[in-house]
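Order of the sequence lines fixes the chain letters, A, B, ..., with proteins taken first and strands second; residue numbering starts at 1 for each chain.
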Amino acid sequence: MKSSVITFPGSNCDRDMDVALKKFGFKNKMVWHDDQELPKSDLIVLPGGFSYGDYLRCGSMASKSKIMKSVINFAKSGGLVMGICNGFQILVEAGLVPGVLLRNKYLEFICKNVFVKIENKENSYFKNLDKNVFEFHIAHNEGNYFCTNEQLKEIEDNNQIAIYYCDHDGNLDNENNPNGSIRNIAGIFNKEKNVLGMMPHPERMIDQSLSGEDGAIFFKNLINNIK
Amino acid sequence: MLVNEKIAIEHGLKSDEYKKICKLLKRIPNFTELGIFSAMWNEHCSYKSSRIHLKKLPTKGKNVIQGPGENAGIIDVDDGDAIVFKIESHNHPSFIEPYQGAATGVGGIMRDVFTMGARPIANLNSIHFGSPQHKKTKNLLRGVVHGIGGYGNCMGVPTVGGQTSFDSSYNGNILVNAMTLGLVKKNKIFYSKAAGLNKPVIYVGSKTGRDGIHGASMASASFDDKIEEKKPTVQVGDPFTEKLLLEACLELMAGDSIIAIQDMGAAGLTSSSIEMASKGNLGIEIDLNKVPCRETKMTPYEIMLSESQERMLIVLENGKEELAKKIFDKWNLDFAVIGKTTNTKNIELFFDKKQVAKIPVNTLVENSPMYDRKWKKSKLPKKIKFEKSKLKNLKILQVLKKVLSSPNICNKEWIWRQYDHTVMGDTIQKPGGDSGVVRIHGTDKAVAATVDSSATYCWAHPLTGGKQVVCETWRNLISVGAKPIAITNCLNFGSPEKEENMGEFVECVQGIGEACKYLEYPVVSGNVSFYNQTKEIGIKPTPAIGGVGLIKNYKKMITMNFKEAGNQVLVIGKTEGHIDQSLFARLVLDEKNGPPPEVNLFNEKNNGETLLNLIEKNYIKSAHDVSLGGIITAISKMCIKGNKGIELTIPKFLINEIEYFFAEDQGRYLIEVSKEDLKNVIKILDKNSVHYDLIGKIIDNDMIINQKTKVTIDELKSYNTNWLKEYMV
Amino acid sequence: MKISAIITLKKDVLDPQGKVIHQALDGMGFNSVNEVRQGKYFEIEVKEDDPKKAKSLVDEMCKKLLANLVIENYKIIETQ
Amino acid sequence: MKISAIITLKKDVLDPQGKVIHQALDGMGFNSVNEVRQGKYFEIEVKEDDPKKAKSLVDEMCKKLLANLVIENYKIIETQ
Ligand SMILES: Nc1ncnc2c1ncn2[C@@H]1O[C@H](COP(=O)(O)OP(=O)(O)O)[C@@H](O)[C@H]1O
Ligand SMILES: [Mg+2]
């Protein structure tokens, strides 16, 4: 399985993602933001970091870079595109998934483990996962998901909410919403479910010495789904 | 502008120093030259008050690749890998503008590390604030933490540890010390020594603006009522550009184009160019019109003294300019050939086709002033006679509650949760433990790092305090299973022109030196920050020590959380009941006098090495050093982190409970051992003549003291975690 | 000439920064504040002397990059 | 009434954000830009109907909290 990770100026989880993808069997290529063409890929990943310093709005300037035209075409033709953290912000700014990501509610960067719930498994990312609650890691300053009421209705009607912040048992409550996101949203799909944006970093949880191993479960499942 | 003595003095030079400049040049310097001298000869760059004392520190050892004198120190961690590290202060700017001051401090230290070819892999910080009640403290704390996070997070370098303290002596002068570790291959290290004639001198990174002109002089001036006037000298950090600069430099370093490279830190283009020339015993010629400038009409003086961030100076091999330019273009950074190396041993500056400065390099470096300042020796304070009956009447739980929720002991998660501590995917021990630990990517090895200081001990008796801090870092490394290798130090003191402050400095340095020598734990880099004072009030002497150690097999790393009910808990090292200068004495008895706990280097070394041996043999389930707050504070933290309780039975000692639990005797650790291993562990401890007390057994939910006093771990946890959170709301 | 653009969050969009600043002001004793909203301000110097053209240029910049029209409004002002 | 405050970086202070936005605009084909400076904008609604008093209140807020006079300047505008 072939994957590509895009490096934007200021990306800083690009290597981590490369390590994770390779560890679970992807043949990964790094792609420079200024390139025009994507290598042949089964999965495109927009990694975390601070593209363009997160200046202006997170992801705004990266969403205008050259390679994004190809990424948008790839997504429109049904290809799998996953944005993690800053990658999610870029997807939002590029209009590939709905909504926006605002500053965290308490205006603080948050780096910690959280629980998330995955309900919608009719997609290439989560199909065949045999549990619903995962422990994932977040590290962001702008993960406060927001959209208008009409958008929210549309998102819910189309089953586009990919991941929710929750407690240990999968209950959604305010206390376990780290950043103030609407409906505890931690990740979202496009209508067709081939584009996924999420704040948590599964690539930071790929062996038992790190913050946990639930990221490993995600990647193993992902490559099996794509095969 | 014509130069005279008055102008020189306004530049922070002393009358004698000005005369010396005129004598060395055999003429009066022009304004630009005076600016250069003032920058190079100020305390921050010249170390004129500290040099003769720093020379006494042990800097050699079998793992030392590079000691002090370069941008950062380097140690060998086997297999061709080396760790580059250093700590640096950014105290004055952080007091004036906490966010930008702290951010640029972090940026500066990272540049020191990657300028040597190393990719930064971990950041730490040691931050000291005034009393929590002081009106400025909260905003300074928030600003500094946001600034450290803002820069480090954007760079994608995990912040894995640090230290935070509060003391009213920092009310008017906070301390912000930032430390970075980088990883480099031993055969790919870059130095700042220029070599060869007519080699192109290259400027890369951000453009030069009017930022921080005279920032280095500011770092060497104490605050007075006119702080406001100094305000515009604060620099704004641009972590995004630094990230690009890091990647671009590493890309260029992968080839063989670079002869020498030096970041532009304090005193910017001045000190970087002069240092490269001085080390290479060469001259340098610079055309200042070629320097990329952000503002119009910048003068030679301004260009030379600007402290704009995110810039580097490189001496390239001839013919590599195009290749290098391509890389910096790709990363959208400025690139300019601004000069060349010469054989004149002068620094020669040109502007609008005219020579605007010509100074022999040696006058700026070797001939810079060096002072053996007067200093006052400290006496060891007399021991306080504590009233035993008064101690006996104290309720242990009340005391424990007070200690655990005190600003200097409480949990600092509010701080480090705002630092990305997991990026790069190799952090195996997060902040909150004894040391931060990161794996060396792709290997079985890991490096541990900690930063500590104990200003109260140093204030009470600098010599003992100096030794103690070194030992504390040593213990923090050993507690995670790392073999201590070397330290870096950031020496934060008041005015060297005051005998008391200078005495504190001299004796702290002596203490640090003695401990390092005995422990074979050399100093490889460091930084001195004097003039930490407002008006006449200096801070407590605060040497911050950054210790670095190696774990050969990261799977053997130890954490401090208690692991399993039924396991036994031992204290290693002897508890004499020393409560003078303890947190307990200050907080509960309001007693600020007395000597700090004695440091016995033999015990320190023996206890530490024995513990490493036990860890090597897989006998240790968890470990934690005993420091501020004594045994029971340390145990509480192990309980809280492990979510386990403990049944404590204090050994039948002559000293009472309070003294036993809250004393701050040195050289001690708490360890968790399984029942089965206990016998073997004791055998090894005995064989090595290590004193130990068996003090408890791990249970499920409560802490029970001598079968009578009981408290739940949840309660302990709330004491410990609430203070900072509530304070920062 | 210099053109300024002011970008504000739409009315129904949560403004965490404004809210926290409001709280901070309250805490400092400014208790006559009803609401604080934070926005962005840009000063753009363009090589264009015709105010109308200059403004329309900045208008385009706002649409294409500076503002996110899903959540933000913008306003353009001539500065010099 | 509503008062606005515009906070800008002092002239010689580096504006990393403005710099990068300028580059991004360039990359998008807006090549007639000389300079971009980013600032902050606050809209503050105060319980005060006298414009002079309202402004002086916001002025105080700027001095004490909103602006950092070390590196920033501010300007106050009546909005409504
Ligand atoms: N400013 C900081 N930055 C990062 N980590 C910090 C900071 N302050 C405290 N910590 C973390 O909290 C831990 C506990 O601090 P402290 O109570 O001083 O511990 P100890 O006495 O065990 O050394 C530190 O080891 C560190 O990991
Ligand atoms: Mg410790």
Side-chain angles (χ1 to χ4, degrees), chain C residues 1-11 13 15 17-50 53-67 72-77 79-80, chain D residues 1-11 15 17-50 53-68 72-77 79-80:
Chain C
M1 69 186 307
K2 237 188 220 167
I3 305 286
S4 303
I6 291 176
I7 297 181
T8 47
L9 283 170
K10 287 188 178 163
K11 226 171 143 270
V13 178
D15 175 12
Q17 270 154 290
K19 222 170 107 188
V20 168
I21 289 168
H22 187 174
Q23 283 165 2
L25 286 170
D26 252 353
M28 292 168 74
F30 291 104
N31 20 39
S32 63
V33 177
N34 280 332
E35 199 188 7
V36 180
R37 304 279 289 174
Q38 179 166 352
K40 285 176 199 146
Y41 174 80
F42 296 95
E43 245 171 48
I44 303 173
E45 207 189 297
V46 286
K47 295 184 196 97
E48 177 59 68
D49 289 330
D50 176 25
K53 281 192 193 149
K55 276 190 186 174
S56 99
L57 206 58
V58 173
D59 187 88
E60 214 186 315
M61 293 177 198
C62 284
K63 283 211 184 80
K64 290 206 175 143
L65 180 73
L66 302 179
E72 293 170 328
N73 292 321
Y74 66 91
K75 198 160 68 185
I76 289 170
I77 311 167
T79 308
Q80 254 172 22
Chain D
M1 70 186 307
K2 240 188 220 166
I3 304 287
S4 302
I6 291 176
I7 297 180
T8 46
L9 285 167
K10 287 186 180 166
K11 202 179 144 283
D15 175 10
Q17 316 221 22
K19 186 176 99 183
V20 173
I21 292 167
H22 186 177
Q23 286 169 358
L25 286 170
D26 252 354
M28 292 167 73
F30 290 102
N31 17 38
S32 63
V33 178
N34 280 333
E35 198 187 7
V36 180
R37 301 280 286 176
Q38 178 166 356
K40 284 179 201 147
Y41 175 80
F42 296 96
E43 243 171 50
I44 302 174
E45 206 188 299
V46 286
K47 296 185 195 96
E48 178 58 71
D49 289 332
D50 176 24
K53 283 193 191 150
K55 276 188 186 175
S56 100
L57 206 59
V58 173
D59 187 88
E60 215 186 314
M61 293 177 198
C62 284
K63 284 212 183 79
K64 291 207 175 142
L65 181 74
L66 302 179
N68 182 343
E72 294 169 328
N73 292 323
Y74 67 91
K75 195 161 70 186
I76 289 170
I77 311 167
T79 309
Q80 254 173 25

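Within a 6.0 Å radius of CG in Asp49(C), no more than 12 heavy atoms belonging to other residues, nucleotides or ligands are found. Atom NZ of Lys53(D) is surrounded by 12 or fewer heavy atoms from other residues, nucleotides or ligands within 6.0 Å.
The contact between Thr8(D) and chain C is made entirely by side chain atoms (from C-beta outward), counting heavy-atom distances below 4.5 Å. If you measure heavy-atom distances from Glu60(D) to chain C, the contacts under 4.5 Å come from both the backbone and the side chain. The contact between Ile21(C) and chain D is made by backbone and side chain atoms together, counting heavy-atom distances below 4.5 Å. Interface remark: Ile44(D) contributes backbone and side-chain atoms alike to the contact with chain C (heavy atom separation under 4.5 Å).
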Derivation and outcome, side chain to side chain contact (heavy atoms under 4.5 Å, CB included), residues Met61(C) and Val36(D): CA-CA 12 Å; Met61(C) 293 177 198; Val36(D) 180; over 6 Å; no

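Contact between Tyr41(C) and Lys75(D) at its shortest, heavy atoms only, is OH-NZ, 4.1 Å. When every heavy atom of Asn31(C) is checked against every heavy atom of Lys47(D), the shortest pair comes out as O-NZ, 3.5 Å. When all heavy atoms of Phe30(D) and Leu57(C) are compared, the pair lying nearest together is CE2-O, 4.1 Å.
Comparing Met28(C), Glu48(C), Gln17(C) by heavy-atom pairs within less than 4.5 Å of chain D, the highest count is held by Met28(C). Highest contact tally toward chain D, considering only Lys64(C), His22(C), Glu43(C), is held by Glu43(C) [criterion: heavy-atom pairs under 4.5 Å].
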